[in-house]
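Naming: A, B, ... by sequence-line order, numbering from 1 per chain.
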Amino acid sequence: MNFKTLPEKFYIRDTISVAKELPGKILVKKEGKKILSGKIVEVEAYIGDHDPACHAYKKFTNRNKPMYEAGGTIYVYFVYGNYHCLNFVTNKKGIGDAVLIRGIEPLEGIDIMKRRRIKAKTIYDLTNGPAKICLAFGIDKRYNYKKLYNGNLILTEGYKEKFKIIKSKRIGINTGKDFNYRFFIKDNPYVTKHEFNKTGIPINN
DNA sequence: TATTCGATGTGCT
DNA sequence: GCACATCGAATAC
């Protein structure tokens, strides 16, 4: 695979516009001679200006600093004492917006991902969750402040394909629940399925 | 300095 | 469907 790397200007736009276009793009990590890659299938937008679920909601702290960098910067944070989550910073420098990467479809380096996700029972469990992605790809806070267009972790264009993007409420948050800032590819099995209706049927899919 | 709790994943019921 | 591991960041004091 040899897709074109997305330029900085792709990210320096309205955050929702960027989030809607992320599904289908390819995340590529170079580890020496090895390549890990996967297609993004699910993301969530976080908007500092009006979104109480956003880490950069009306405050500037040591943790959320990378979110104020220019679009195209990587923001990785540590949660629940165990896990890391990967975000792409969007919008202009000084604005605290980012997009959380929640679901990826593995393409290359699947053998390596399996070794790092020893608990994953199926190939779908490898990268269908924000912390799972970081485990499979070996991403931690060292990637904070790195750029998505010139490092060993980059984002590229994807296949020319048609798919339907579904918009829904976000997952795992207690505030800002009303915003439909989650975007994912319809019927893709690598999308997380955390929301259920009362009869146990997964919704948002 | 102390306390609370989280943009999750896993395992058990 | 639910408990819990586990610890750093944020907030309270």
Reckon [X] touches a base, only the sugar-phosphate, or nothing at all at heavy-atom distances under 4.0 Å?
X: A/Lys141; answer: sugar-phosphate
X: A/Ala53; answer: base
X: A/Leu100; answer: base

Check the phosphate of [N] against [X], side-chain N and O only, distance under 4.0 Å to OP1 or OP2. Yes or no?
X: A/Arg63; N: B/dG6; answer: no
X: A/Thr61; N: C/dA9; answer: no
X: A/Lys121; N: B/dT10; answer: no
X: A/Arg117; N: B/dT10; answer: yes
X: A/Lys132; N: B/dA7; answer: no

Who pairs with C/dT6 - Watson-Crick or G-U, where each distance is under 3.5 Å: none
Looking only at B/dT8, C/dG8, B/dA7, the nucleotide nearest the A/Tyr46 side chain is B/dA7
Quick one: which of B/dG11, C/dA10, B/dT8 gets closest to the side chain of A/Lys119? B/dG11
Can you measure [X] atom [atom1] to [N] atom [atom2] for me and round it to whole angstrom units?
X: A/Tyr80; N: C/dC4; atom1: OH; atom2: P; value: 16 Å
X: A/Asn62; N: C/dA9; atom1: CG; atom2: C1'; value: 9 Å
X: A/Met67; N: C/dA10; atom1: CE; atom2: P; value: 11 Å
X: A/Tyr77; N: C/dA10; atom1: OH; atom2: C1'; value: 15 Å
X: A/Leu126; N: B/dT8; atom1: CG; atom2: C1'; value: 17 Å
X: A/Lys177; N: B/dA7; atom1: NZ; atom2: C1'; value: 13 Å
X: A/Asn82; N: B/dC5; atom1: CG; atom2: P; value: 19 Å
X: A/Asn87; N: B/dT8; atom1: CG; atom2: C1'; value: 14 Å

Using the P atom on both, measure B/dA7 against C/dG1 and round to a whole Å. 23 Å
Can you tell me how far P in B/dA2 sits from the matching atom in C/dT6, rounded to whole Å? 22 Å
A/Asn64 or A/Val79, whichever maps to the more 5' nucleotide of DNA chain C: A/Val79
Does the pair A/Arg102/A/Glu44 count as a salt bridge with the N-to-O cut at 4.0 Å? yes
Are A/Tyr83 and A/Phe78 near enough that their ring centres are under 6.0 Å apart? no
Between A/Tyr57 and A/Tyr46, ring centroids under 6.0 Å: no
With respect to A/Val89, which candidate in A/Asp97, A/Thr73, A/Ile74 satisfies the side chain to side chain contact (heavy atoms under 4.5 Å, CB included) definition? A/Thr73
Report the C-alpha distance between A/Leu135 and A/Lys119 in whole Å, list the side-chain angles of each, state the deciding distance to 0.1 Å, and finish with yes or no for side chain to side chain contact (heavy atoms under 4.5 Å, CB included). CA-CA 11 Å; A/Leu135 288 169; A/Lys119 288 176 178 169; over 6 Å; no
A/Asp51 side chain vs A/Gly176 backbone, donor-acceptor pair below 3.5 Å: no
